[in-house]
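Read through the structure below, which is laid out as structure tokens, and then see the notes.
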Number of protein chains: 2
Amino acid sequence: MKEVKSGPNPLFLREEELRQGIEMLYFAYRDFTSEADAMLARHKFGRAHHRVIYFVGRHPRISVSDLLGILGITKQSLSRVLSQLVNDGFIMQHRGLRDGRQRLLELTEKGVEMERQLTEAQRRRFARAYREAGAEAVEGFRKVMLGMIDGAARERFLPAGGHRPPGRSSGDGR
Amino acid sequence: MKEVKSGPNPLFLREEELRQGIEMLYFAYRDFTSEADAMLARHKFGRAHHRVIYFVGRHPRISVSDLLGILGITKQSLSRVLSQLVNDGFIMQHRGLRDGRQRLLELTEKGVEMERQLTEAQRRRFARAYREAGAEAVEGFRKVMLGMIDGAARERFLPAGGHRPPGRSSGDGR
DNA sequence: CCATATGGGTCAGCCTTGTTGACATAGTTC
DNA sequence: GAACTATGTCAACAAGGCTGACCCATATGG
């Protein structure tokens, strides 16, 4: 093989490079979800349940509309899975104190355990990939991924400002 | 485990870092597909059609079973979208020469044009992310992504012939 | 206090895209 | 000629999106 290149970016920005990126994202996402999918199937749940469990776990006492904002789906779609999760005892709801209309969501103990198991495979996959690739590569990965994420979701990953509960309801001076 | 590092990787391999990776992949994939989805909707097609058009474009004269292998779906699922694409004149089929049972698939001109338009938005998104992140980051991105892809699909991205473990390649000798 | 806006839920129906299972038809191979 | 293989097709089902319509309870502003 001849590899005439000098410099660290032999294929940078070229057509083939872009196509590889596209395909890598497709295959990585597919494999990334496959293990959890299998686990969910055994509980008669789907990927949507996982996402709800995941984000409720990440944002305890999140309101339904904030969760909808993160997921980017309609309340009818959410309702279908959410009510199953509540009925099956993975998530509990309680009225908001300052706004009694809100139903704040939180994982039950059972839910926490479920979340742990479900996300475990994905964490392991990332841990392996990160370990094999090395710290510097991970930084690069994060930069590229960030560049592909739009608008609101992007803020989740920006330094500093980061972590107010995901809501425009923070008009609060409270 | 505690943070031993100082320098550019403060969170490396820690729980939070892994969760960020998981979330980034989720949001990036979602945004990555959204533009093409909108375009497909205007043509009354779905994401599945895009994938078929994409991979047939990448592998002209591919057989149906090879395509099934790449996509990882059942022939019934493929059949549904494939026959639409054939009927609508985006893909043509012809008998294999050495094996008359095969129906080799190829994009028509119309199909090529469609593929170009559909993938354009995704290429642009990658090009932007790559450009903003820089060549070195792109290398890191590729390493990490590769580490998350399983088995057969992985080989698509390995340098021809050699199987080396992922995790090097910066300035590998030659 | 009342009108209206908002948070949340629900019913009903539709679409895409995946799944099984059964079966059909050519063409290849032994 | 039998058996296997590549492909297609019918039928039924499930998940998880969507829209539209309508409801209830609570907040909020005049």
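Labels below follow one simple rule: chain letters A, B, ... track the order of the sequence lines, proteins then strands, and each chain is numbered from 1.
Backbone-only engagement by B/Ser63 is indicated by non-hydrogen atom pairs under 4.0 Å involving sugar-phosphate atoms exclusively. The residue A/Thr74 sits close to a base: some heavy atom pair falls under 4.0 Å.
Using a 4.0 Å cut-off between a side-chain N of Lys or Arg and a carboxylate O of Asp or Glu, B/Glu23 and A/Arg58 qualify as a salt bridge.
A nucleotide of DNA chain D counts as in contact with chain B when one of its atoms lies under 4.0 Å from a heavy atom; the first and last such, 5' to 3', are D/dT5 to D/dC10.
Side chain of B/Ser83 to backbone of B/Arg80: a donor-acceptor contact under 3.5 angstrom is found. Distance alone, capped at 3.5 Å, places no donor-acceptor pair between the A/Ser79 side chain and the A/Gln76 backbone. The main-chain N or O of B/Asp31 is never found under 3.5 Å from a side-chain atom of A/Asp150 such that the two would form a donor-acceptor pair.
If you find the closest nucleotide of DNA chain D to B/Gln76 and to B/Leu68, the one lying nearer the 5' end belongs to B/Leu68. Along DNA chain D, the nucleotide nearest to A/Arg47 and the one nearest to B/Ser79 differ in position, and the one closer to the 5' end is contacted by B/Ser79.
Taking atom CG of residue A/Asp66 and atom C1' of nucleotide C/dG7, one finds them 11 Å apart after rounding to whole Å. One atom, CZ of B/Phe45, and another, P of C/dC15, lie 16 Å apart when rounded to the nearest Å. The CG-P distance, from A/Leu78 to C/dG7, rounds to 15 Å in whole Å. Taking atom CG of B/Leu104 as the reference point, atom P of C/dA26 lies 19 Å away to the nearest angstrom. Per the geometry, CZ belonging to B/Arg51 stands 8 Å off C1' belonging to C/dT17, to the nearest Å. Distance CD1 (A/Ile62) to P (C/dG7): 14 Å, rounded to an integer number of Å.
Within residues 84-102 of chain B, the residues having any heavy atom closer than 4.0 Å to DNA chain C are, in order of number, B/Arg95, B/Asp99, B/Gly100, B/Arg101.
One distance of note links CZ of B/Phe55 with NE2 of B/His50; it measures 9.5 Å at 0.5 Å rounding.
Between B/Phe126 and B/Tyr130, the ring planes lie perpendicular to each other; the angle is over 60°, past the 30° to 60° tilted range.
None of B/His94, B/Gln93, B/His59 except one satisfies the side-chain hydrogen bond (donor to acceptor under 3.5 Å, both in side chains) rule with B/Glu106; the exception is B/His94.
Checking the phosphate oxygens (OP1, OP2) of C/dT17, a side-chain nitrogen or oxygen of B/His49 falls inside 4.0 Å.
B/Arg80 contributes a side-chain N or O that forms a donor-acceptor pair with the base of C/dG18 under 3.5 Å.
Cluster membership check: B/Ile91 does not share its hydrophobic cluster with B/Leu104, using side-chain heavy-atom separations under 4.5 Å among Ile, Leu, Val, Met, Phe, Trp and Tyr.
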Practice task
For side-chain contact (heavy atoms from CB on, under 4.5 Å), just list the numbers for A/Val56 and A/Phe90, CA-CA rounded to whole Å, side-chain angles, deciding distance to a tenth of an Å, and then say yes or no.
Solution key: CA-CA 10 Å; A/Val56 170; A/Phe90 292 99; over 6 Å; no
